[in-house]
Amino acid sequence: MSYQGKKNIPKITSDRLLIKGGRIVNDDQSFHADIYMEDGLIKQIGDNLIVPGGVKTIEANGKMVIPGGIDIHTHFQMPYRGTTTVDDFNQGSKAALAGGTTMIVDHVIPEPGTSLMEAYDQWRQWADEKTCCDYSLHVDITHWNDSVKQEVDNLIKEKGVNSFHVYMAYKDYYQMSNSELYEVFTFLAERGGIAQVHAENGEIIAEEQARMLQMGITGPEGHVLSRPEELEAEAVFRAITIASQTNCPLYVTRVMSKSAADIISQARKKGNVVFGEPITASLGTDGTHYWSKNWAKAASFVTSPPLSPDPTTPDYLNTLLSSGDLSVTGSAHCTFSVAQKAIGKDDFTQIPEGVNGVEERMALIWDKAVTTGKMDENMFVAVTSTNAAKILNLYPRKGRIAVGSDADLVIWDTDSIRTITAKTHNSAAEYNVFEGMELRGAPLVVICQGKIVLEDGNLHATSGVGRFIPCSPFPDFAYKRVKARKQLAVLRAVPRGMYDGPVSEFSMSRGGTPSASARTSPTKQPVRNLHQSGFSLAGNPAPCGPPTPDDVPIRPAGRRIVVPPGGRSNITSLS
Amino acid sequence: MSTAGEVPAFFKSMGSDSPARPRQKFCGMFCPVEGSSDSKTLDFDALSACRGKSDGRVIDRQTDISQPRKVEIRESTGKEALQNLDDKRSDRLLIKGAKIVNDDQSFCADIYMEDGVIKQIGENLIVPGGVKTIDAHGGMLMPGGIDVHTRFQMPDRGMTAADDFYQGTKAALAGGTTMIIDHVIPEPGISLISAFEQWREWADSKSCCDYSLHVDITEWHKGIQEEMETLVKDHGVNSFLVYLAYKDIFQLTDSQVYEVFSVIRDLGAIAQVHAENGDIVAEEQRRILEQGITGPEGHVLSRPEEVEAEAVNRSVTVANQTNCPLYVTKVMSKSAADVIAQARKKGTVVYGEPITASLGTDGSHYWSKNWAKAAAYVTSPPLSPDPTTPDYLNSLLSCGDLQVTGSAHCPFNTAQRAVGKDDFSLIPEGVNGTEERMSIIWDKCVVTGKMDENQFVAVTSTNAAKIFNLYPRKGRIAVGSDADLVLWDPDLTKIISAKSHNSTVEYNIFEGTEVRGGPLVVISQGKIVLEEGNLHATEGSGRYVARKPFPDYVYKRIKARSRLAELRGVPRGLYDGPVCEVSVTPKTMTPASSAKTSPAKQPNQPVRNLHQSGFSLSGAQIDDNVPRRNTQRIVAPPGGRANITSLG
């Protein structure tokens, strides 16, 4: 060993790291082995490794070594009506590291009407300057037209974004119509992206909000009263329907209620490619706090969809997470100070939305799901990092301890007990929604990019070291099934002779309503208007027809298609 | 027990049959003593268990009728007839020896009707002489069917559905249906009232049976709300249909549906919904057409059943939010029916209406090589291509998860369908079914043992009457109810065919189906309209039946819930900490969607513009109305809902 050391003395020692005697926990198995890392990568795994001398060594003493957590949903430094969330990328990613999370995926939210690309660049700039851990970006699609479509295409092809988020809530602001969702999903399915949705029925929320305010309910309880969980479940159901029609993988962000989770698990049983993301808050606390007499406390819980007032919700969601019906966990960390929340002191609809959770996520899941026996340590790894890495197509670089993977590791202490409080947390917010909660399980050592960033409770995060990790399209985890289905789903017409009987006179007025659409989506054309459909009345089949390559302009009976009638397998032809 | 001899002289001949028929000697050890059953009270033995087909008397009576176990209709003759010269003969009618089937029980009794109303039920009724008598011989007598969903004479792009009110109601009567409820479809832009009156005019002049009208809401603005109020208060309408499909024509947005439902609940009416996601359908239609699929199979391919289930789920959600009773028309697929069944389990007040077509056939015919045949099946939501669907829906109907049946009878003839010969999205939609409805359900459900005769009555008439507040006038055989009756023959077999049906269209979607069970005699408004296969319908004799709002069957629960659902704010001190500065654009409030154009479609307006919202940013209004004093405002415990625990 020592002779090898001579070569590399000038190197900074912390680039080389050896963890001895750890129990490596991946999502599939756990085993005892040593890990050697160099240049931020895992170089060797095994017993009695041959490593250069002068390497910093950590004795794990049989403790668990797990892949660093991936927080798949954060909103650091999010602009909101002229202010910004109190945790910027530095503060936020520091909190993440303190909790054992070594990668975050933030949401880019372009204002409606502005360019996706500019917003993306802006977020990249903020994050590159400040982040202390690796990061990646989702892009939110807040409006839809052809140029947005083009930008989405570029983001996928050139910018390493493979997941796009659409809103079914925030009426007249971010909200998309069903037709737009259909088009977005269709496009993403073609390009290999993941469709994320914020699932709430915005139209009904708007109505309910108006009703609440009319009734004189202006406090944070109005927030949850105007957003009952049924509206969340309804939107999830609708999103699943559209995704299933368009054969697009769906990812439901922020699963906050039992009924929404139930819809997801039902859909998965039916075979839909859908992933559900409960967040730290929904797994750890409930919505009873909206009725707190302390306005500031009640307001700190405001997020959308809201925390469910049903106190059995967290337990239920933890169970579904353990059974695999829900797949990944995020934090939706998006904190505002009390003064910022107070924008809505007289009208709950004005309260900026978001809760903390990036720091508490790992420990909370450990406490609620592993110590209670709902899941084992391997499943814990799956829901905190591996599944997220698979969905983002970063696996096995992230989310696994294997030779060649990034050296993002956490030595997990299952016995440490910590009480969460706003006094000690790393976020800048005054309130912590988990205040007073005692959690078993905490990171002992956190290694990010091969460097020790947390040790003995001391955080050594370096601002700006975080790299952007590009995600490539068509993640196997989601798209293998989608691709197979696409091949099966080809539809075929029935070959028939021309109808030559009498034809009634009719007026076209019924389909002729001028489209009221403003957002220029091509779908808003009147559906029954023949002339716009690219069809001619003469019975020419459309000149496309990959399914029926032997299309001819006029249909001679009996020539056109050889396949049996009935495009789908469950259809019996009676001819 | 009094015998015929003890009754007053005026009624001397009553209780026995007309003098033309000789008295029978009864035979057998256990037969009743002659005359003893001529009781003037109900025979409770007969009530609990019908005397049935094997009863000695029936066998005995068969000696004097030509065909065994057939009904026998006797007109009064001779002197008796003279007593009634000033009456219209057919206004009085006696049915003897029938097994009366209601939704709760079956019992044997005679029924006497006069002036279109049931006057007496019991054994050995005292009826005036010279009454036309039907001898039922133990046959089942049930309330006439109510077809809750028809679209006779419906205008569609300058065409009219092939069956008008005359043809349609005739077909209904031929199938044992004595009341229909038709849908008024005002073209968007036309007033509801004028459309309603137009439909009244058509129906009054042509309908052969009683009818009522649903009104469809095809657009939404303030004026419509007032018209709905008028319709409910002055015109006897208590059900309104909204469309979640037909984008850019009839379709309403979720906000509009929310508002419509709120109005409907306040008026005490029923919200009906055509549940399909019109946005997705429009997209799929475009895609399917682009793929070169132009035939009727494109219709079903572009409207997959998931899209139906989604819309049902959405409307259930909106109905729950608004605490409004929901009625889903045309349940065509398993998944939609499942959503309804689940919602009912959770306590939602929701009713599902499968139609004859979805109960009797499936969507595999869309792939027929015969274009005209395939097109005859086009309706929305489409028939499911899954051939197990009818069986499944029949099961749910039998267990009560689905409650009522309609026909959505709206056939077009082939020339009219051919409008869409090159583009399936132009094919006028609608199938036949009003004539076949009762027989199909009997055949698929009762014959197979899924339901009994009482449940049959419930799903064909009673539930419909209850939901639409016609009960017990319709949907029940009871004294005082309308004399709309059907003498049902469970053994009648018939092969359905376009050759013999009463509709005018060339195709019958049940062509070749052999059904057991059919009406032997149909009585509408106390008059015999079908006997021995002969239909005597009178054009224009149908009356409009007005319906009152707040049907108990539906609204009892709704009322109780609206009392519970009051929400309360939390009393707090004023927040007096620092408040962040914000840029002006407010976050959520939206223009009210009552504007005629849906707000979702407003072009590029700065959506968060407060000034359009009618809301004030400061919340000052609210503060003015309700002074925010801790002690004064609300005494109730925090948490307006039962499942909310307050942490304080």
Side-chain angles (χ1 to χ4, degrees), chain A residues 81-83 171-173 178-179 182 203-204 206-207 216-219 221 225 230 234 237-238 241 288 291 293 295 309-310 339-340 342-343 345-347 349-350 491 493-494 496 499 502-504 506-507 510 513 516 518 523 526-528 533 537 539 541-542 545 565-566 571-575, chain B residues 157-159 247-248 254-255 258 279-280 282-283 285 289-290 292-293 295 297 301 306 310 313-314 317 320-321 364-365 367 369 371 385-386 415-416 418-419 421-422 425 567 569-570 572 575 578-580 582-583 587-588 590 597 600-601 603-604 607 619 622 626 638-639 643-647:
Chain A
R81 290 166 66 187
T83 67
K171 183 173 174 186
D172 298 333
Y173 195 51
N178 293 336
S179 313
Y182 184 98
E203 302 210 2
I204 300 181
E207 299 279 343
I217 298 176
T218 56
E221 69 276 12
L225 290 175
E230 253 195 309
E234 187 280 316
F237 193 105
R238 186 149 40 99
T241 305
T288 51
W291 279 265
K293 297 244 180 185
W295 187 91
D310 176 352
Q340 286 171 322
I343 294 167
K345 70 188 169 66
D346 298 317
D347 176 355
T349 64
Q350 308 295 323
L491 302 175
V494 175
R496 293 188 183 94
Y499 174 85
V503 180
S504 270
F506 74 108
S507 61
R510 194 170 146 192
T513 3
T523 59
V527 209
R528 291 200 169 187
S533 71
L537 254 175
I571 284 163
T572 19
S573 157
L574 295 196
S575 72
Chain B
R157 288 168 287 159
M159 303 180 292
K247 191 175 174 184
D248 297 335
D254 290 357
S255 312
Y258 182 100
D279 291 341
I280 304 184
E283 298 280 344
Q285 282 180 334
L289 285 171
E290 269 167 16
I293 299 176
E297 69 276 15
L301 291 175
E306 254 188 307
E310 188 282 316
N313 184 57
R314 185 149 40 99
T317 307
N320 272 345
Q321 286 312 307
S364 50
H365 303 279
W367 279 265
K369 296 245 182 190
W371 187 90
D386 177 352
Q416 290 172 322
V419 160
K421 69 190 169 65
D422 300 312
S425 68
L567 301 174
V570 175
R572 292 188 183 93
Y575 174 85
V579 179
C580 222
V582 277
S583 50
K587 193 172 157 208
T588 38
T590 57
T597 45
K601 288 174 181 169
N604 286 339
V607 243
I622 292 153
V626 188
N643 62 346
I644 284 164
T645 20
S646 158
L647 293 197

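A, B, ... follow the sequence lines: proteins, then strands. Residue 1 opens every chain.
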Can you tell me how far the [atom1] atom of [X] sits from the [atom2] atom of [Y], to the nearest 0.5 Å?
X: B:R572; Y: A:W291; atom1: CZ; atom2: CH2; answer: 10.0 Å
X: A:N178; Y: B:E310; atom1: CG; atom2: CD; answer: 6.5 Å
X: B:W371; Y: A:R496; atom1: CH2; atom2: CZ; answer: 8.5 Å
X: B:E283; Y: A:Y182; atom1: CD; atom2: OH; answer: 6.0 Å

I need the minimum non-hydrogen distance between [X] and [Y], along with the two atoms involved.
X: B:C580; Y: A:T83; result: SG-CG2, 3.6 Å
X: B:V579; Y: A:A342; result: CG1-O, 3.6 Å
X: A:P502; Y: B:A418; result: O-CB, 3.5 Å

(request) Name the member of B:A415, B:G158, B:P578 that forms the most heavy-atom pairs with chain A at distances under 4.5 Å. (result)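 The residue among B:A415, B:G158, B:P578 with the greatest pair count is B:A415.
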(request) Ignoring hydrogens and angles, tell me if any N or O in the side chain of B:E297 forms a donor-acceptor pair with the backbone of A:V494 under 3.5 Å. (result)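 Flag set: sc B:E297 to bb A:V494 pair under 3.5 Å.
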(request) Name the region of A:T241, side chain, backbone, both or neither, that has any atom closer than 4.5 Å to a heavy atom of chain B. (result)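 Both backbone and side chain.
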(request) Could you tell me which portion of B:Y575 (side chain, backbone, both or neither) has an atom closer than 4.5 angstrom to a non-hydrogen atom of chain A? (result) both
(message) Run the side chain to side chain donor-acceptor pair (under 3.5 Å) test on A:S504 and B:Q416 for me, step by step, so that the C-alpha distance in whole Å, both residues' side-chain angles and the decisive distance to 0.1 Å come before the verdict.
(response) CA-CA 5 Å; A:S504 270; B:Q416 290 172 322; 4.6 Å; no
(message) With a 4.5 Å cut-off on side-chain heavy atoms, are B:D254 and A:R238 touching?
(response) yes
